[in-house]
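In what follows, a structure is listed as structure tokens, so that the remarks can point back to it.
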Amino acid sequence: MKDYTFEGFNGFAKHQPLLAAAAVIFLLSLAGIPLTAGFLAKFYMINAVISSGGFLWLVILAVLMAAVSVYYYFRVIQAMYFKEGEAQAMEVSSGFKWVITLVAALIILLGVFPQLLFSWFYF
């Protein structure tokens, strides 16, 4: 992107639909939405804090900050898909698009089947 403000993303999905869809997957993962790897990361992190005991304030703060972050992530998604505008995106190669698509698919795959990753960690 040439403009990283919220208005800079207006209409991005019309000009670069593949990159916009990948960006949505990345933003949903960062927000911790279920069926993404980001959800599992937040879940296991909060679960570890709860099981250690004594840090309930940290869990409450983490959940509140996650809720605040969802607001900003969804504003970007709204700008890409629901607002009119001319997003000034830089030209990217087809190889870059393939890599971005692969990473987005891995985020969904690990969110749906986390045992693929956990089998490597636990012998």
Side-chain angles (χ1 to χ4, degrees):
M1 303 294 298
K2 293 182 180 176
D3 181 12
Y4 291 109
T5 63
F6 287 119
E7 290 78 27
F9 284 93
N10 289 351
F12 182 62
K14 290 183 176 120
H15 300 290
Q16 295 284 345
L18 181 67
L19 293 179
V24 167
I25 291 172
F26 299 148
L27 290 170
L28 293 177
S29 183
L30 285 171
I33 303 298
L35 299 180
T36 62
F39 170 76
L40 288 172
K42 286 186 181 189
F43 174 77
Y44 283 112
M45 190 71 111
I46 290 174
N47 190 24
V49 171
I50 290 172
S51 65
S52 70
F55 292 102
L56 185 59
W57 64 271
L58 186 60
V59 172
I60 293 169
L61 183 67
V63 170
L64 287 174
M65 293 301 107
V68 169
S69 70
V70 166
Y71 170 75
Y72 290 103
Y73 297 144
F74 277 39
R75 280 190 62 191
V76 175
I77 294 170
Q78 178 187 22
M80 286 191 295
Y81 283 95
F82 302 112
K83 290 190 177 179
E84 296 296 324
E86 293 292 323
Q88 299 295 323
M90 297 169 46
E91 291 298 318
V92 294
S93 67
S94 61
F96 180 78
K97 288 181 182 180
W98 276 101
V99 170
I100 291 293
T101 304
L102 178 67
V103 171
L106 281 173
I107 286 175
I108 297 295
L109 185 68
L110 291 176
V112 175
F113 302 110
Q115 65 272 15
L116 296 174
L117 185 64
F118 292 150
S119 65
W120 287 3
F121 293 142
Y122 302 108
F123 302 108

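Each residue takes its place number in the sequence, starting with 1. Since this is a predicted model, take the numbers as computed values, not measurements.
- In this structure, OG on Ser29 lies 9.5 Å from CG on Leu110, to the nearest 0.5 angstrom.
- Taken from OH in Tyr73 to CZ in Phe26, the straight-line distance is 13.5 Å, to the nearest 0.5 Å.
- Going from atom CE of Met80 over to atom NE2 of His15 covers 13.0 Å, rounded to the nearest 0.5 Å.
- With values rounded to the nearest 0.5 angstrom, Leu116 atom CG is found 9.5 Å from Leu106 atom CG.
- Note that the CD1 atom of Ile77 and the CD1 atom of Ile25 stand 10.5 Å from one another [nearest 0.5 Å].
- No side-chain heavy atom of Leu64 sits under 4.5 Å from any side-chain heavy atom of Val68.
- For residues 4-13, no residue pair satisfies the salt bridge (charged side-chain N to carboxylate O under 4.0 Å, His left out) rule, not counting sequence neighbours.
- By the neighbour-count criterion of 12 heavy atoms within 6.0 Å, atom OH of Tyr72 is sparsely surrounded, having that number or fewer from other residues, nucleotides or ligands.
- Panel note: side chain Lys42, backbone Leu30; a donor-acceptor pair is recorded below 3.5 Å.
- The 12-atom threshold is exceeded at CD of Gln115, counting heavy atoms of other residues, nucleotides or ligands nearer than 6.0 Å.
- Between Phe12 and Phe9, the ring planes are perpendicular. Angles over 60° get that label, and only those under 30° would be called parallel.
- Taking OG from Ser51 and CD1 from Ile46, the interatomic distance works out to 12.0 Å, rounded to the nearest 0.5 Å.
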